[in-house]
Structures are given as C-alpha cells and as structure tokens.
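Structure, as structure tokens:
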Amino acid sequence: MIQIIFRNILPFITPITFFYLIISLGWKTSINPFLDIGILMGIVFLLSIFHFCFLFERSLYKGYKSMIFLSFFILITFFIFSVGQFFFSPTDKITDIQITLLICLTLYILIRITYFMRIIYVKIHNPAFIFITSFVFLSFLGAILLMLPTSTVNKNISFIDALFTSTSAVCVTGLVVLDTAKDFTYLGKVIILTLVELGGLGILTITSFFSYFFRDGFSFREGIYISNFLNTKTTNNVLSLAVKVVLFTLTVEIIGTLLIYFSINNEKNFIETDSPLFFSIFHSISAFCNSGFSTLSKGLYSESVRFNYLLQFIIACLLILGGIGFNILFNFFTYIWITLKKYFYRVFKEKYFRYPAHIVTLNTKIVVFTTFILLFFGTIFYYFSELHFSLIEHPSFTGKWIASFFSSATSRTAGFQVLNLNKWTPLTILFTIFLMWIGASPASTGGGIKTSTFALALMNVVSLSRGKNRLEIQRKEISSESVRRSFAIIILSLIVIYISILIILFLDPEKEILSISFEVFSAFSTVGLSLGITSNLSNGSKLVLIILMLLGRIGVFNIMVGLLKNRINSHYYYRFPQGNILIN
C-alpha cells in the first residue's frame, strides 16, 4: 500500500524539487543559513526514503528500477556526507554543505530527466526533432535562470538579453550583449558555465551517459537515436561511447584547469576575477567547449593575461582538442595505443604483433590534414598581416608567433581574442570570416560548415576539373551522398548568412556592412568573435543572431532533414528518364 502511494507521489517530486531549487537559488528565502540547510537535508532525506521503498519491489520495469537504485545511491551518499560535514564543522562549512546538497539535487534531477528522455525516444520517431528541441528547450531554460534576481548584479535583465546570453552559451558561441565579469554574479557565471558544458557535449550525450547506469531496459531504437546524436554509424556499444565522451571531456577539462591555474598562479596583478581557481575552471571548460566566454571584461585581451603566452598556448591546445572531434581523437588514441603495444611486444616479448589494417580512418586523415593546413597557414597569415598593426604591442618575437597561432586557432572555433580587433586590417577581417565559415570538425564542440565538408567540396572541384565522374581519395571512392551533402551544407550556409545580413542591414542601417557580415558569420559558425557591435544592435537583430546561433549549432541541413525527410521510405524503387541541364 505504501509503495503504491509513493509510486503515485514520486512523479510530482521532481518538478517540486526543481522549482524549489530555482526559488532557493533565485531568491533568498531565509536569513538563517541553518534553516536553509535543514530544509535541503529534509528534502534529500525524504527523497531517499521514497526511493528506498522501491528497491525491493520485483514488479518494476528493469530500467525504472535501475534508475531508482542509482537515485537512491546518490541521494543517500550525499546525505551522509553532508551530515558528517555538519556535525564536524557546522560553522565553517555552511556554504560547502549547501553546495553539496544542491549538487546532489541537481544530479537527481538530471537522472530523472534522463529517464524522461528515454520515454520520449519511444514516443517520437524523429531523432533530428529531439536533437533540435533539446537545444531550444535548454536555451529558454537558461534564459529563465539568468533572469533570476540573484543571477545578475543589477537584478534586472531583459528577456531578449537573457535569451541571447543563454543561447550563446548553449550554442558555445561566446557573443555577449552584457559584460560577463561585471553584470553577472557568481551564480550567474555558474549558470553560464553549466549551459556551456551542456551545450558543448549536448544534453542528449549527458543523458546517454546516465542511461549507461540503467541500461537493462535499453532498446534498439534508443541505440539508433543516440548513435545519431553522437554521429556514429553503429549502435554497438553506443552507451559506452557516450561514457567515453563524457569522461574524456572531464579529464581534459581537469588537466586544463590545473595547467591554467599554474600558468596564472604567479601573476601579481591577477585579481580581476573571483579567484584564480574559478578562473581556471571557467576558462578550461569554456576553451574545450569552444564557447569563448570569459570572466574577464576584455577576455584574454585584458592586461593581466594579455602577455601570458603560456596561458594562450594552453587555451589554444584546448580549443584544438575540443574542435577536432571526439571520433578523431579516439581513433588517434587507438593508433597510438596499438603502436606502443606493437613495440612492447617486439622489445620485451620478442613477438611480432599483428598490426590491424586501416587503424587510422580516411575521415581522420582528412580532418587532421585540413586542420593542420588551416592552423599552419593561418598562423603565418596573421603574423605577416598584423605584424605592423595589432601585433605591435607584443614585444617579443615568440609572443608575436604565439599570438598569431592563438588567433588562427580561435578564429575557427571560439571567441577568445588576444589581439585588438579594432586595429585589424580589412584583409585580416575577411580572412577571419573565411576561417570562421569553415569552422571546426564534425562531432566536435565547434561550429561552421566543418573542415571535412570544405575539404570534400574542394577535392571534388579538383576531381571534376580533371574530368573524373567520381571522387577518389587514397584508393577509396567517396560516396556520392557525402559529396552531395557537403555541397548542400555549403549552399544552405551561404543562403542563410546572406539573408541574415540583409535583415540586420534593414533593422540597423547605421551599422557598417563589414561589421554586420563579421557578426553574422561569427554567430552562424558559433565562433563568438565580434567587432564590438553586438550590444548596440536592436532587439530584432539580436533575435536574428539568436536564430543564427541555433541554426549553426544544430545545423541547417539537420533541421531540414528533421522537418522534410520522408519518414515512410527513403529508398527509390523507380527512376525517371534523365534530363540534361546546361551548367556552363
């Protein structure tokens, strides 16, 4: 009887807990911190009791029972830990106990959302629609959280500015209409950072990560959906891939945090932000997710870090790792591991290790080669183009080259800048627009048309010029679907960008067309660089940029597939007579 009552009550617990979190974070509900801790402990304890009652019920669905067990384990663990904190040092650890309990409730809500997403997988038969909806929902949810009184310093922010900031964070863009350092409180910055992490990995990747722990009821359809989200062709071990993506991201971000912290720890005048540790965590996540958000008013161009070339190099490496794609990184690490294993067998065991064929895929070769070429020639271009302009303030020869390398890396992926963009020549601006348009690589945290799309289209042009009717690379024929898809993405991106420029020119005619074009390319490619006109745009233009950021992060082609694809049958059982059309 008790279990039946609890089963009927439990679905209402999650929204109530979520609303309580919003109220407790957004408004100060109590002057006494001990009362707040008591309420939080009571909620966690009550949730633990509710879930404990379900552990011994045999009639529950396997996936649901696994979710209940995982929720109970997290709730009771955090509850015991917070109680221990309270009794050993109740006065000194008040804030730490509150943070511990809030993290516990946040994890619980994520687990419940994960199970809710699994239900959606069964109800909705369109993976692209789920993917699109997740980003739109997260953007609006982030806007509501940023409008909380405790999220901003002035306690008032317009909905359009909150939505712009939230969308920029979710789409890992970095364009800002408000000063992140001065206009947002510590809570506001944490909300932005959380949106960046969820947007960089994708909320569906996060939910897939939690699904791994209650995968007993995992269906084949869910595997197909998650494989679409992770951009993989197989459903085998798709949950393991999601776990690898999340764990690899957290590992790189932790290492990046430590490297950034030690690179700024010796700075004497580095008190522009809350603390060096929070600065390190924020910029490590922001860099790897290619978002470009910073807790400094002028970003990395601020005087305290402008000439810290070690910091610039570390962040540039994080940008490249985040923008090259998880599939590429895993394939590269597999190659390194097998190579080391081969030499280990040869040296220590004196055995010949059979080398598997085609370890490094053609996709990896194309992406790595294209990325290297863009970084190499981009660095050279920025050095010679800005040597007598924005690079003048960098005194050392090494500093000029590192700043050029950083600019080449950030122009395709993130909105960090270490040079004064107002001093850039028109030639540099146009070249940066080109790099922003290409963007990062597929299955990464960056945007743009992607390096592989640009490479395939360019090689196909060369192939057609040689009179070939198919594209062949390293004794492999590229499918016509991939070639058609690359040209479709290029054409769609140019159409969307051109229309957006026309609309913003109509809404803000006083702005220069070069600045507007730069802004539009930056928003669509989710780069985040700006010539300084973002905050001065009208609300209509801001709305255009919001839509552009969503289109760039989700992908225009993915949206069209989700809305227009024939769900009944995608294969052709008939062919019409061919019709020739004059092209040239």
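Fair warning: this is a prediction, and the values are worked out from it, not measured in the lab. Counting begins at 1 with the first residue of the sequence.
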Value for CD1 (Ile315) from CG (Leu300), rounded to nearest 0.5 Å, stands at 4.5 Å

To the nearest 0.5 Å, atom CG of Leu543 lies from atom CG of Leu163 at 7.5 Å

Report yes if the side chains of Phe282 and Leu296 come closer than 4.5 Å at any heavy-atom pair, otherwise no.
no

N/O donor-acceptor pair under 3.5 Å between Thr257 side chain and Ser284 backbone
no

What's the verdict on ring-ring contact (aromatic ring centres under 6.0 Å, His included) for Trp401 and Tyr383, showing C-alpha distance, side-chain angles and the deciding distance?
CA-CA 6 Å; Trp401 277 107; Tyr383 180 81; 4.0 Å; yes

Taking C-beta and beyond as the side chain, do Thr167 and Arg553 meet within less than 4.5 Å on heavy atoms?
no

Are the side chain of Ser280 and the backbone N or O of Tyr261 linked by a donor-acceptor pair below 3.5 Å?
yes

I want to check something: taking the side chain as every heavy atom from C-beta on, are Thr453 and Phe557 in contact at a cut-off of under 4.5 Å?
no

Look only at the side chain of Thr410 and the backbone of Phe416, and say whether a donor-acceptor pair between them is shorter than 3.5 Å.
yes

Listed by chain and number, what are the ring pair (Phe, Tyr, Trp, His ring centres under 6.0 Å) partners of Phe454, not counting sequence neighbours?
Phe434

Are the side chains of Thr534 and Val176 in contact, using a 4.5 Å heavy-atom criterion?
no

Are Val483 and Leu456 packed together at the side-chain level, in the sense that at least one heavy-atom pair is separated by less than 4.5 angstrom?
no

Decide whether Glu519 and Ser530 meet the rule of one side-chain donor and one side-chain acceptor closer than 3.5 Å.
yes

Are any non-hydrogen side-chain atoms of Phe381 and Ser408 less than 4.5 angstrom apart?
no

List in chain and number order the residues that pass salt bridge (charged side-chain N to carboxylate O under 4.0 Å, His left out) with Lys542, two or more places apart in sequence or in another chain; answer none if no residue qualifies.
Asp161

No-hydrogen, no-angle side-chain donor-acceptor test under 3.5 Å, Ser297 and Asp179
yes

Where is the tightest heavy-atom contact between Leu175 and Phe293, given as atom of each residue plus distance?
O-CZ, 4.3 Å

Do Leu419 and Phe406 touch side chain to side chain, with heavy atoms closer than 4.5 Å?
no

Which residues pass the salt bridge (charged side-chain N to carboxylate O under 4.0 Å, His left out) test with Glu512, sequence neighbours left out?
none

Check whether any side-chain heavy atom of Ile328 sits under 4.5 Å from a side-chain heavy atom of Thr371, and report yes or no.
no

Checking side chain to side chain contact (heavy atoms under 4.5 Å, CB included) between Leu145 and each of Leu187, Ile191, Ile192, which is the one that passes?
Ile191

Flag yes if more than 12 heavy atoms outside Phe372 fall under 6.0 Å of its CZ atom; otherwise flag no.
no

Let me confirm one number: the CG-CG distance from Leu146 to Leu195, rounded to the nearest 0.5 Å.
6.5 Å

Pick one: which of Pro442, Ser525, Ser486 meets side chain to side chain contact (heavy atoms under 4.5 Å, CB included) with Lys450?
Pro442

Under 6.0 Å from the CZ atom of Phe313, do we count more than 12 heavy atoms belonging to anything else shown?
no

With a cut-off of 6.0 Å (strictly less than), are more than 12 heavy atoms of other residues, nucleotides or ligands near CZ of Phe140?
no

Taking everything shown except Ile513 itself, do over 12 heavy atoms lie less than 6.0 Å from its CD1?
no

Nearest-0.5 Å distance, CZ of residue Phe369 to CG of residue Leu374:
10.0 Å

